[in-house]
Structures are given as C-alpha cells and as structure tokens.
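Here is how names work: the chains are called A, B, and so on, in the same order as the sequence lines, proteins then strands, and each is numbered from 1.
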Amino acid sequence: MLDKTYRPAEVEARHYRLWEESGAFAAGARAEARPFTIMMPPPNVTGSLHMGHALNFTLQDILIRFYRLRGRDALWQPGTDHAGIATQMVVERQLEAMGSSRHQLGREEFVRRVWEWKAESGDAIAYQVRRLGASADWARERFTMDEGLSTAVRKVFVELYRQGLVYRDKRLVNWDPKLHTAISDLEVDQREVSGKMWYFKYPIEGLEDQYITVGTTRPETMLGDTAVAVHPEDERYRGVVGKNCVLPLVGRKIPIVADTYSDPEKGTGAVKITPAHDFNDFEVGRRHGLPMVNVFDEDARLNESAPEAYRGLDRFEARARVVADMDSQGLLAKIEENPMVVPYGDRSGAVLEPWLTDQWFVDAATLATPAIEAVETGATRFVPKHWESTYFEWMRNIQPWCISRQIWWGHQIPAWYGPDGHIFVEMTAEEAHLAAAKHYGTAVPLTRDEDVLDTWFSSALWPFSTLGWPEPTPELERYYPTDVLVTGFDIIFFWVARMIMMGLHFMGEVPFRTVYIHALVRDEKGQKMAKSKGNVIDPLDLAEAYGSDALRFTLAAQAAQGRDIKLSESRVEGYRNFATKLWNAARFCQMNGCAPRAGFDPKACELALNRWIVGAVAEVGAQVTAALEAFKFNEAAGALYHFTWGTFCDWYVEFTKPVFSGPDESAKEETRAAAAWVLDQILHLLHPFMPFITEELWEQLAPAREHRLISAEWPEHVPALGDEHAAAEMDWLVRLISEIRAVRVEMNVPAAAKIPLVIKDASPVTAARADAHRDIIERLARLESVAFADEAPPKGSVQVVLDEATLVLPLADVIDIAQEQSRLAREIDKLGSEIARLDKKLANADFLAKAPAEVVDEQRERRKEFAETKAKLDEALGRLATM
RNA sequence: GGGCGAUUAGCUCAGGUGGUAGAGCGUCUCGUUUACACCGAGAAGGUCGGCGGUUCGAAUCCGUCAUCGCCCACCA
C-alpha cells in the first residue's frame, strides 16, 4: 500500500541511481531508431548550479525523456567548460588568500593546481545536475580541455590559420589592466557613469596667442596625442588645417588634420587624436599615417613615453595631474559635467583600456556569411523566432574576434616563433620544429606563443568535438547535426553564433536544426538573481524542500516563450501539492484494485463514464504531444495539470465511487481496468516533467513489470479515440452536479444532509437524456441524493426541491438553450456582417459600374439568401428565449 | 542613436490565425462523506496602460502616446 504522502527525498536518489546504473541514459542502444540529440550547454567548472541552469537542464531533460519515450535513440551529451578567465581567477584568489600567487608558482605548477581544483568542482556541478533528474549520457561526459577536445581545438586553429581566417595582428584591443589580458568585444560591459568633459587649449605653432580648443573625457591620454582633427568643411578652422600645434606638457608638435570623423556639432568641433588609446582615433591615425604613441604599460600606468613627471602614475592619478598642470598653465578652458559610457571588464570589473598589442584574431566576417544564410534559409531556426533578428543584427555587423588571452588556464595557442620572429602554426611542437628546419634549412630553437585561446573558441566546437572530431567517428556520423540546442539568450553571440560558424565551416552542416531560447530566471520581484543582492534562490534548496519534480514542473509551467520567469516559492509549493494529489489518486486506485490489466482495450469500454475518460485522455495526450513538439512547455504542463487534477481527480475518481460501492460486478471490473489504464497514461505523459514520482508509482502500482517507466513507450493518442456521445453525457452530468452544489451552498444545506432532489422534466430532449443517464444518475444518487419525480413538470424547466423549498433552476435543457442561444447569436452576427459587407458592395457605384451584370446579380442573390437565413435564425432565437 | 520585448484579478503570470476574459497563490464563506487538509465545495475581485483607427464585433490587427525592462553602438 502506498504511504499517505509522497516523500520525494527518499525516492529520488534511488531512482536516479537505478536509471543510471541500468544504462537508461545511454545513447546507442536503439541502433535502428532515429537519433535525437541535444548538446548540453557545458556549465563552467567554477560554478555552482543556479536557477538558470535548473531551467535549462529541466527543459532539455523534458525533451530528451519525451523523445526517448517516443522510441528515438536519444543522446544528451553532457560536459563542462574550462571557463578560462573565470576559473583562473578563482584559483588565483585562493592562492592570494594563502599569501601566494601564480607567478610564485610558475605556469606549470599553477596549471596543475587548477586541474586539481577542477576535479573537485567539476564533480560538484555534475552531482547538482543529476540531482535535478537530468538523464544525460554521463558515460560520454566531456570537458573542453580533454585530450580529444584539445586536439580538435588545435586542428581548427591550424586549419583556420592556413586558410587565412586566423591571423596575428597589432591592433587596439580591450585590455584588462587588472587581469593583464586582452578580451573580446563581447566581454566588455559598457556602463553609464557620470563624468566630466575637460576643454584644453592647444597653442598653434607660429600663431602667437592662438589656440585650438579640444574637448576630452580622458585628459591623461593627451600625453599620447599625435594630432588634432577638424572637419574638412568647418569654416572656423579652415585657416589652421595643415599647421601644427604644440602639445602642452609634452612639447611635441602635432598636425591639425582634416577628417570627417570630427563632428562640427560636437564640442568645439576640434578633437584630439590619440591613436594608441582610442578606437576611433586609431582609425583616424591610420588614415593620416599618424604615429601611435602608447603612453600606458600593462597596468595602465604611465610609461616612459610620457614625460618624466608622469611616469609610473596610475591613469587616474595622471588625469588629476594633467588637469592641474594644464590649469596652472592657463590652458584649461572649462570643465563640464558629462554623463559618459565607460567600458568595464565583465569578469574583473576593472575599467578597460584600449591598448595596442599583438593578438590573434578570427576573421569572423567571413565565417559569418554562411552562418547568416543558414538561418535565413531555415537550416537552423530559432524558437521563438524573434531572436533571429537579434542574431542577424549582430552577425551582419560582426567584428574580428580577438581570441588570444594572456592567461595560463586554457588551450595554449599552437604557434611557435623562429629566431627572426617567423611564425610556425602546427599541431605539435615536433611538427613546428620540422617545419622550422625546412624553412631555415637547419634545426633552430623555437619559442612557443605564451597565450591561450578564448574559452569560447573551444566551446564553439562543442557539437562536433564531443563526438570525436577530427576523427571520423560513428558518433559523428550518427548524431551530427544535432536536433535542438536549448539555451538562454545571453549567450546567443558568445556561443550559439560561433557554433553555427564553426559547425558550417568544419562539418559543412549546421550544428543544430533548432535553437530554443528560453527566458532568464529572476526572483519574484523581477530582479536578476545575483550573489551581491542576496536574492539567489538555490535550486537544490527548493528541490530538497519540495522535490525535484515540483521544481521541474514549476520551471516548465512558467517557460512561456518570450518572457522572463519570476520564480516564487509558492508556485513550487503548489506543484508539490500537485504531486501529492497525483500520489493520492494513485493510492485510491490501488485501494480499489485498479491494477493495470494486460490486454485492456480502452475502446471496448461500455460505461459512459469510462468511454468519456478514455476520450479525455486521448485529447490531453494529443495536446501534450503537440505542445512538446512545438516547445510549448507551459502548455503541455498546464494541460497535464488540469487534466490530472481537474478532470481525473475531481470528476472521474468521484464518479467511480458509486460504481465501486454498487452491485454491478461487470461495471466494477471495467472501471477498475479503465481507472488503472488512465492512471498509467497519466504517468507516461507526466514522466518527462516529473520523472521521479511517476517512476515510483509505476513501480509500486505494478511491481512485476519488466521495464521501467523511463524506457516505456510514449502513448501516441489520437483524439478520435474519444466518444462524442459519452463526452456530451458526462458534460451534462458535470453541469448538473455543479448546479446542485451551487444550490446546496446557496440554500445552506449541510453536506451530510440528504437532498431530495427532484428533477421534473417533460422536455423530450431532457427526458431522453435523463433516461439514458438513469443508471449513472441513480448511482450518483448515493453521492448527491438525486431522485426522479414521476409527475410532469412545467414545460422546459427543471425543478429542484430541497426540503420544502422549490427552486426553478437553469439545468440541462436550460443549459442547452443557453448554449444554443449563444451559438445562434454568433451565427446571426456572422450573417449580419456578411450582409453588411454585401450591402456596402452593392451600394458602391464604382462596383456596379465595373462589375459584369451576372456578378452583381450573384451578389444580390447571396444577399437575399443571407438575409433569409438571418431571419430564420432570429426567429429561432426568439423561440428559444421564450421557452 | 539603433533594435527587441513588456504593460491582463491584490501578487506571479497564461491567453496561434479577432467572437460572452483564465490559472496558481492570496482573501472570504462552508465542509473532518474511508485517495488526498500538501484536501473538497463555493464566493468576491478585471473599463485587458492611455487615446485614436480598421471591423457587425478588438486583450487580440494598425497608428500614436506613456511607463518599464533588455540588447547593441565609436561619439570627443
């Protein structure tokens, strides 16, 4: 016998273990089946599971379990990401706490420490993912720095280099002065801050007491100015273009150049040009062949290119000093308050510095072309569709991707430098030496590039590197391209776009057919969850308190497309209650001997009650299937919730009670079998959402079954299984009982009291119907105290006699009449609109003049027909109203 | 400056292709009939952000305004 309440904690661990040990998660067992593949977005090894992960993994698991039940060879490829900078920072912080640093340890030892830390942390996150019930193929778990995946990374780098799509270049990059590494544009966090605009006067050479005034938000960079630019058509400066000015504090002569970059409307119309420290100025510098004076070192302190007095100063100290010095020389024209946007590193939080360095880049624009096309043609589609415009927007304006990072944790770039700086890009050091020997005619010492690759470089290969590429493995052949990618919109650029580019380039096919973009999970006030705000809800806490099933169901039920999820605990509690409800319904079935019957044929049921529920199951089954195919998780969850609670528990189970306590043995037996069948169907349909409780019930209700629910077969329901007649009967009954209940409440009749309900009804429709229902209503009588009166009632009405009071209620026929009325009213509306339209047309002189006579006649004829029909319906409506 | 999205019951949210507004939680009333009080039966509560337009009919389509949120962007 089932316990009175379901206790998830005791059940979940056991089933998960049994599933995993029995190989239920493993792909490849169904060699003849069509594969269904999802690549798990690899969580960072640094992280612990947050609510976004919980949503992400839940949705994927629902899909995987759904398609697995449908007989597909389901592969859910799990793994973790090495998360270069993030992970390195974590370990560095630990070292710092121990009074050490990575530089003290040296590269090799430091990397060894990170590996050590990764071993612990990686296990922790994998445990957390399992705790949610994720049925991933753990035997195939990969890590982005595995040997195989590292080979793939080198192979891709080498090939792209040879194709000219990876190159080394000296350009301005976003430099993080705290982490001492370049980062990509995407890792820059632009923040609005209040700042100032300083106006400096630069003396013009050869013109006594004449100045050109420039505005700047970054005074300290003036030490690296190499020009002043004005707009070529700006009359104010026509006379000075071509002259030099003397850069104050430095003494350098710098030209005044004409460039359209300068906007006459902005500031003074003259702008200082610092090619080494500003992305725009860099371009201006290129156009005019200006020298690039880099005045910062890697810490963003002033270097030896700055005048003596400023060397070694931090950039912000230097700012104050420059302003003060300019002021004291009378060259500070004015200061304005100026809100501005400042770039911050998304990891370090430091203010970034555009800095001139040698870095490796990917020619993203070239790779983007086919990737744009793939989405345009629908080879890959986004769900919801509007994310495609976001994708296009970015891809069509894509910039070179800076992929080198000056850190130690990651894939070291496979590039070696000869004594003269010649670059050898090869898979291994041996090959590099061979290539060098060939190049120089003799063996030479090589030095390897110190840098590692952006962490997203390796994750971009995830859909094929995890399947064994570059080896032509059977897995690659079978599971690529994958079916669905489930992820959040925050990494469309970081990850999704790059996977599409790399997949197309190296596999010749898109990596996934569908990208399902889900919402962000926020707290119940709509705030983004963040440790600093203290509003983080740990998904595992909720899973402990309410069960993983309840958490999963909550997430699925709220996963409507296109909106953020505000998670509230009361919602989780509600779905925990739902699990308990299901549990108790199963308990009821068990208590009444409703065990699954082999060979039970739902279509063969005779009782209206059972024919009805069979149809209702078919309907909800078809709904759930369709909703999941369309990624409408909330619709599927909602349909199941309402069917299970609102239909199965509230009505069907209640209706079975009089049957079970009645004398009709064959009715009892049929109902036992049907109830067991319905419950079984519910377990199947609910399993992707609530795998644990359904598996537990499956086991307890019929312990002898040879396979587990996870490996069962999805019931493919056709709505045609339904019995319209039975549905109509039950619908009538449900309405009847609802009315009785309403009356009872209204009359304040105690529930325990017998209600001598008398249905007096002479209407032929209702009489026939009541007759057809006599058996079930009689059974119902035990439940609701319904009895029939013999004498004739007033026409078209229904009387309910409660004790001595008599009510005339809108029951049965009255309900039908109301329905009929609204149906007719709608038809009349439609006809009215048709008539109005035709009238308009026929009143249109233009139409009458141009249309052939027969067309006009036809329209007139139709108008007449419509009008006649409308009159008939009006009359019918009037008749109904008086009944 | 571009782009996207949102505005529906006290709260959190559902509501393809226009046809009498829904759920959960909360509130109130009644209820311990042997599946379930993590329950049952009921009730109250909404001018679907404002204003226009299309239509016989608009939460739904169009325009506009307001408020909020997110993404992208080189503005001295």
Side-chain angles (χ1 to χ4, degrees), chain A residues 2 4-6 185-186 190 197-199 214-218 221 229 261-263 265-274 278-283 338 340-341 343 354 384 386-387 389-390 392-394 397 489-490 492-493 520 522 524-526 528 546 550 554 557-558 560 562-571 573-592 630 632 634-635 638 641-642 646 649-650 653-654 657 737-738 740-742 744-746 748-752 782-783 818 821-822 825-837:
Chain A
L2 293 169
K4 204 167 168 186
T5 27
Y6 170 63
D185 297 345
L186 286 175
Q190 303 280 1
M197 173 86 83
W198 288 269
Y199 289 89
V214 295
T216 181
T217 55
R218 299 208 50 200
T221 63
Y261 163 65
S262 178
D263 182 348
E265 309 286 315
K266 297 271 164 62
T268 61
V271 58
K272 65 193 251 336
I273 300 296
T274 323
D278 183 282
F279 289 100
N280 291 307
D281 294 5
F282 181 80
E283 294 304 322
N338 181 47
M340 52 192 262
V341 178
H386 71 258
W387 289 112
S389 36
T390 305
F392 288 138
E393 175 70 15
W394 188 68
N397 298 299
F489 59 79
D490 50 332
I492 290 179
F493 304 145
L520 224 59
R522 297 168 181 279
E524 55 194 324
K525 295 192 190 76
K528 204 166 171 175
Y546 301 104
T554 309
Q558 294 199 264
R563 212 196 298 218
D564 292 344
I565 295 178
K566 291 179 189 147
L567 191 78
S568 73
E569 195 164 332
S570 67
R571 198 81 189 242
E573 193 179 342
Y575 291 119
R576 186 274 316 269
N577 296 351
F578 174 60
T580 308
K581 186 77 179 173
L582 171 69
W583 181 262
N584 277 296
R587 190 159 170 265
F588 172 84
C589 290
Q590 194 185 42
M591 290 167 76
N592 286 285
K632 293 178 177 173
N634 58 325
E635 280 184 18
Y641 182 90
H642 288 114
C649 293
D650 286 350
V653 165
E654 292 305 328
K657 287 176 181 174
I737 292 170
S738 296
I740 293 169
R741 282 173 177 163
R744 189 155 65 187
V745 168
E746 197 174 311
N748 203 8
V749 179
R782 280 171 220 107
L783 191 68
Q821 272 179 334
S822 75
R826 238 159 97 179
E827 267 180 48
I828 289 170
D829 268 357
K830 265 187 193 160
L831 282 173
S833 82
E834 283 300 325
I835 293 171
R837 228 168 262 153

S.K.: Return the minimal non-hydrogen interatomic distance between A/Arg218 and A/Pro354, and the atom names on each side.
M.R.: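 So the two residues come closest at NH1-CD, 4.2 Å.
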
S.K.: Would you confirm whether the ring centroid of A/Tyr575 sits within less than 6.0 angstrom of the ring centroid of A/Tyr641?
M.R.: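 Yes.
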
S.K.: Between atom CH2 in A/Trp387 and atom P in B/C70, what is the gap in whole Å?
M.R.: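 Result: 13 Å.
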
S.K.: I need the minimum non-hydrogen distance between A/Trp198 and A/Thr217, along with the two atoms involved.
M.R.: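 So the minimum-distance heavy-atom pair works out to CZ3-O, 3.6 Å.
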
S.K.: In whole angstrom, give me the gap between the C1' atoms of B/G10 and B/C70.
M.R.: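 Looking at atom C1' only, B/G10 and B/C70 are 27 Å apart.
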
S.K.: Could you check which nucleotide pairs with B/G40 in any of the strands shown, counting Watson-Crick or G-U wobble with both distances under 3.5 Å?
M.R.: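 The base-pairing partner of B/G40, which may sit in any strand shown, is B/C30.
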
S.K.: To the nearest Å, how far apart are A/Met340 CE and B/A73 C1'?
M.R.: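 The distance from CE of A/Met340 to C1' of B/A73 comes to 16 Å, rounded to the nearest Å.
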
S.K.: Pick the P atom in B/U7 and in B/A41, then give their distance to the nearest Å.
M.R.: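 Those two atoms are separated by 31 Å.
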
S.K.: Would you mind pulling out the nucleotide paired to B/U20, Watson-Crick or G-U wobble, both distances under 3.5 Å?
M.R.: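 When the pairing criteria are applied, nothing turns out to pair with B/U20, so the answer is none.
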
S.K.: Considering only B/A76, B/G24, B/A35, which nucleotide approaches the side chain of A/Arg571 most closely?
M.R.: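 When the side chain of A/Arg571 is considered, B/G24 is the closest of B/A76, B/G24, B/A35.
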
S.K.: Using both distances under 3.5 Å as the test, list the Watson-Crick or G-U wobble partner of B/A14, or none.
M.R.: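 B/A14 is unpaired by these criteria.
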
S.K.: Within the 4.0 Å heavy-atom criterion, would you say A/Asp263 contacts the bases, only the backbone, or no part of the nucleic acid?
M.R.: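 Contact class for A/Asp263: base.
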
S.K.: Rounded to whole angstroms, how far apart are CZ on A/Arg576 and P on B/A37?
M.R.: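 Spelled out: CZ on A/Arg576 to P on B/A37 is 12 Å.
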
S.K.: Contact class for A/Cys589 vs. all strands (heavy atom < 4.0 Å): base, sugar-phosphate, or nothing?
M.R.: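 Counting heavy atoms under 4.0 Å across all strands, no contact is made by A/Cys589.
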
S.K.: Nearest to the side chain of A/Cys649, which nucleotide is it out of B/A41, B/U12, B/A35?
M.R.: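 Minimum distance to the A/Cys649 side chain belongs to B/A35.
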
S.K.: Could you tell me the Watson-Crick or G-U partner of B/A76, where both distances fall under 3.5 Å? Say none if there is no partner.
M.R.: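 By the stated definition (distances under 3.5 Å), nothing pairs with B/A76.
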
S.K.: Please work out which of the three classes, parallel, tilted or perpendicular, describes the rings of A/Phe489 and A/Trp387, given edges at 30° and 60°.
M.R.: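 It falls in the parallel class, under 30°.
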
S.K.: If you check the A/Thr580 side chain, which of B/U12, B/A76, B/C38 turns out closest?
M.R.: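 Nearest listed nucleotide: B/C38.
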
S.K.: Compare the minimum distances between each of B/U34, B/C38, B/G40 and the side chain of A/Met591, then state the nucleotide with the smallest one.
M.R.: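 Of all the options, the side chain of A/Met591 is nearest to B/U34.
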
S.K.: Please report the distance separating the C1' of B/G49 from the corresponding atom of B/A59, rounded so that it comes out in whole Å.
M.R.: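 Comparing C1' positions in B/G49 and B/A59 gives a spacing of 12 Å.
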
S.K.: How would you label the contact of A/Gly269 with the nucleic acid (heavy atoms, under 4.0 Å): base, sugar-phosphate, or nothing?
M.R.: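 Here A/Gly269 touches the bases of the nucleic acid.
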
S.K.: Rounding to the closest angstrom, what is the interatomic distance between B/U60 and B/G19 at atom P?
M.R.: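 That atom pair is separated by 11 Å.
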
S.K.: Taking the six-membered ring for Trp, are A/Phe493 and A/Trp394 parallel (under 30°), tilted (30 to 60°) or perpendicular (over 60°)?
M.R.: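 Taking A/Trp394 first and then A/Phe493, their aromatic rings lie parallel (interplane angle under 30°).
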
S.K.: For A/Thr274, is there any backbone N or O sitting under 3.5 Å from a side-chain donor or acceptor partner on A/Asp281?
M.R.: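 At least one qualifying donor-acceptor pair exists.
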
S.K.: Taking the P atom of each, how far is B/C68 from B/G31, in whole Å?
M.R.: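 Going atom to atom, P in each nucleotide, I get 49 Å.
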
S.K.: Can you tell me how far P in B/G24 sits from the matching atom in B/C61, rounded to whole Å?
M.R.: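 It comes out at 26 Å once rounded to the nearest Å.
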
S.K.: Rounding to a whole Å, what distance do you find between A/Ile492:CD1 and B/C72:C1'?
M.R.: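 Result: 12 Å.
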
S.K.: Which listed nucleotide (B/A35, B/C74, B/G40) is nearest to the side chain of A/Arg587?
M.R.: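 So the nucleotide nearest the side chain must be B/A35.
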
S.K.: Using the P atom on both, measure B/U33 against B/C25 and round to a whole Å.
M.R.: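 22 Å, rounded to whole Å.
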
S.K.: Can you tell me the pairing partner of B/G5 across any strand shown, Watson-Crick or G-U wobble, with both distances under 3.5 angstrom?
M.R.: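 Answer to the pairing question: B/C68, which forms a Watson-Crick or G-U pair with B/G5.
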
S.K.: Would you say A/Lys657 reaches B/A35's phosphate, i.e. side-chain N/O to OP1/OP2 under 4.0 Å?
M.R.: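 Looking at the OP1 and OP2 atoms of B/A35, one of them is under 4.0 Å from a side-chain N or O of A/Lys657.
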
S.K.: Of the candidate nucleotides B/C4, B/G24, B/C72, which contains the atom at the shortest distance from the side chain of A/Tyr641?
M.R.: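 So the nucleotide nearest the side chain must be B/G24.
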
S.K.: Would you tell me if any nitrogen or oxygen in the side chain of A/Lys581 comes within less than 4.0 Å of OP1 or OP2 on B/G40?
M.R.: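 A/Lys581 to B/G40 OP1/OP2: side-chain N or O found under 4.0 Å.
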
S.K.: Out of B/A35, B/A76, B/C74, which nucleotide sits closest to the side chain of A/Glu654?
M.R.: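 Side chain of A/Glu654 sits closest to B/A35.
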
S.K.: Rounded to the nearest angstrom, tell me the gap between atom OH in A/Tyr575 and atom P in B/G24.
M.R.: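 It works out to 9 Å between those atoms.
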
S.K.: Counting only Watson-Crick pairs (N1-N3 plus N6-O4 or O6-N4) and G-U wobbles (N1-O2, O6-N3), all under 3.5 Å, who is the partner of B/G46?
M.R.: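 Check on B/G46: unpaired, no WC or wobble geometry under 3.5 Å.
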
S.K.: Heavy atoms under 4.0 Å, any strand shown: does A/Thr268 hit a base, just sugar-phosphate, or nothing?
M.R.: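 The answer is nothing, as A/Thr268 stays clear of every strand by at least 4.0 Å.
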
S.K.: Applying the Watson-Crick and G-U wobble criteria at under 3.5 Å, what pairs with B/G57? Answer none if nothing qualifies.
M.R.: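 Across any shown strand, B/G57 pairs with none.
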
S.K.: Compare the minimum distances between each of B/G24, B/G15, B/C39 and the side chain of A/Asn634, then state the nucleotide with the smallest one.
M.R.: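 Between B/G24, B/G15, B/C39, the one nearest the side chain of A/Asn634 would be B/G15.
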
S.K.: If I take atom CD in residue A/Glu393 and atom P in nucleotide B/G1, what distance separates them, rounded to the nearest angstrom?
M.R.: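 Those two atoms, CD and P, are 16 Å apart.
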
S.K.: Do side-chain atoms of A/Ser262 reach the backbone of A/Gly269 as a donor and acceptor pair under 3.5 angstrom?
M.R.: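 Yes; judged by distance alone, with no hydrogens or angles, the pair exists.
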
S.K.: Quick one: CZ on A/Arg587 to OG1 on A/Thr580, what's the gap to the nearest 0.5 Å?
M.R.: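 Reported to 0.5 Å precision, the distance equals 12.0 Å.
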
S.K.: Among the nucleotides B/U12, B/C25, B/G5, which one has an atom lying closest to any side-chain atom of A/Ser570?
M.R.: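 It is B/C25.
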
S.K.: When you match A/His642 and A/Val653 each to their closest nucleotide on RNA chain B, which lands nearer the 5' end?
M.R.: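 By nearest-heavy-atom nucleotide position, the 5'-most residue is A/His642.
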
S.K.: Whole angstroms only, please: what is the CD-C1' distance between A/Gln190 and B/G2?
M.R.: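 Distance check: A/Gln190 CD to B/G2 C1' gives 15 Å.
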
S.K.: Which nucleotide wins on minimum distance to the side chain of A/Ala585, given the candidates B/C38, B/G5, B/A35?
M.R.: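 My answer, after comparing the listed nucleotides, is B/A35.
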
S.K.: Provide the distance between the two C1' atoms, one in B/U17 and one in B/C13, to the nearest whole Å.
M.R.: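 About 23 Å, rounded to a whole number of Å.
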
S.K.: Flag the pair A/Lys632 / A/Asn634 as yes when at least one side-chain heavy-atom distance between them is below 4.5 Å, and no otherwise.
M.R.: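 Result yes, sub-4.5 Å side-chain heavy-atom pair found.
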
S.K.: Which whole-number value in Å describes the distance from A/Gln558 CD to B/C25 P?
M.R.: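 Going from A/Gln558 (CD) to B/C25 (P), I get 13 Å.
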
S.K.: Taking a pair as Watson-Crick or G-U wobble with both distances under 3.5 Å, which nucleotide is matched to B/G63?
M.R.: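 The base-pairing partner of B/G63, which may sit in any strand shown, is B/C51.
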
S.K.: Is A/Thr216 touching bases, backbone alone, or none of the nucleic acid, heavy atoms closer than 4.0 Å?
M.R.: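 Sugar-phosphate contact only - A/Thr216 comes under 4.0 Å of backbone atoms but never of a base.
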
S.K.: Using OP1 and OP2 only, check whether a side-chain N or O of A/Asn577 sits under 4.0 Å from B/C39.
M.R.: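 The answer is yes; a side-chain N or O of A/Asn577 sits under 4.0 Å from OP1 or OP2.
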
